[in-house]
Amino acid sequence: MQPIKVDLSGVDHVQNDEGQASGWFPIAHQLLPAKAEVAREWIGQRRAGMRGWRDFFKSDKFRLPSGPTVLTQRLALNIEHFQSNYLCVFVVLLIYCILTSPMLLLALAACLGMFYVIRVKNANGTLRIGGKELSPAFQYAIVAACSFPLFYISGAGSIIFWVI
């Protein structure tokens with residue numbers, strides 16, 4: 001059975017006549033910084049470096065190393081060879097953990113929602129409170145600092161260590 005390959009490159013950055021994103025993720029283009037092209041290129045490189053899953057899970061190649069030096073060499077070569085596969089497994093486990101933890105999902109939604117509100121509010125100019133001007137960086141720092149207790153309560157630290 002031959003694997004089916006679907007080329008989705010370019011789908012997430014299709015633009016309509018007004019120059020606005022109209023692909024699958026139109027909101028992502030509003031949230032992503034100008035360096036999104038660099039991120040797309042990096043993701044494309046990771047996709048290109050993906051090895052076959054049959055090779056990744058081939059258990060007949062599992063052997064005990066003859067010594068600690070062979071073990072470290074083998075680990076380094078394995079991680080280098082299957083780097084994209086390990087990254088994919090990490091991302092899938094991370095998404096699974098986030099989706100199965102409602103408190104963490106709410107904490108992430110609140111944090112990202114506040115980041116979006118800051119971005120929208122600062123599109124017209126900087127925010128002023130009590131006659132003092134608050135820079136966007138300061139506003140983001142406040143939201144990040146307030147998010148840490150939420151992430152701690154929701155168990156984000158244990159999820160990160162579990163996934164790693």
Side-chain angles (χ1 to χ4, degrees), residues 3-51 53 56 75-76 78-164:
I4 298 172
K5 293 186 179 182
V6 178
D7 183 23
L8 294 177
S9 61
V11 172
D12 60 346
H13 55 81
V14 175
Q15 294 183 349
N16 60 16
D17 294 335
E18 291 100 30
Q20 295 176 340
S22 63
W24 286 359
F25 307 107
I27 191 80
H29 295 280
Q30 296 172 4
L31 297 176
L32 292 177
K35 297 183 181 184
E37 195 61 40
V38 175
R40 276 194 206 99
E41 182 180 318
W42 184 83
I43 290 171
Q45 289 172 351
R46 297 288 79 76
R47 267 195 223 160
M50 187 80 72
R51 307 292 178 181
W53 290 104
F56 185 69
L75 277 173
N78 186 286
I79 290 172
E80 182 181 330
H81 187 73
F82 291 112
Q83 180 182 18
S84 296
N85 295 68
Y86 285 121
L87 181 66
C88 185
V89 168
F90 176 80
V91 168
V92 167
L93 286 174
L94 190 63
I95 290 170
Y96 170 77
C97 287
I98 290 170
L99 292 177
T100 57
S101 174
M103 182 70 171
L104 181 59
L105 194 59
L106 288 173
L108 279 172
C111 181
L112 293 175
M114 287 306 299
F115 283 157
Y116 180 73
V117 166
I118 290 170
R119 184 179 174 116
V120 169
K121 292 284 186 186
N122 285 305
N124 300 334
T126 57
L127 181 67
R128 290 183 179 272
I129 296 180
K132 293 188 179 186
E133 191 173 293
L134 300 178
S135 70
F138 184 70
Q139 294 171 41
Y140 286 125
I142 290 172
V143 170
C146 292
S147 297
F148 279 118
L150 284 175
F151 291 140
Y152 180 77
I153 291 169
S154 64
S158 62
I159 287 175
I160 294 293
F161 286 119
W162 182 83
V163 169
I164 290 174

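Remember, predicted model here, so these are calculated numbers, not experimental data.
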Atom OH of Y86 and atom CD of E80: how far apart are they, to the nearest 0.5 Å?
12.5 Å
Contact between R119 and Y140 at the side-chain level, heavy atoms closer than 4.5 Å - yes or no?
yes
Using side-chain hydrogen bond (donor to acceptor under 3.5 Å, both in side chains) as the criterion, list what pairs up with E41, not counting sequence neighbours.
none
Say you draw a straight line from CD1 of I159 to OG of S154; how long is it, rounded to the nearest 0.5 Å?
6.5 Å
Taking atom OG of S84 and atom CD of Q45, what is their separation to the nearest 0.5 Å?
9.5 Å
Within 6.0 angstrom of F90 CZ, more than 12 heavy atoms from elsewhere
yes
Between CG of L94 and CG of L99, what distance do you get to the nearest 0.5 Å?
9.5 Å
Do C88 and F56 make a side-chain contact, defined as non-hydrogen atoms from C-beta onward lying under 4.5 Å apart?
no
How many angstroms lie between CD in Q139 and CZ in F115, if you round to the nearest 0.5 Å?
11.0 Å
Distance col, row C111:SG vs L150:CG, nearest 0.5 angstrom, shows 8.5 Å
Backbone N or O of N85 within a donor-acceptor pair of the R51 side chain at under 3.5 Å?
no
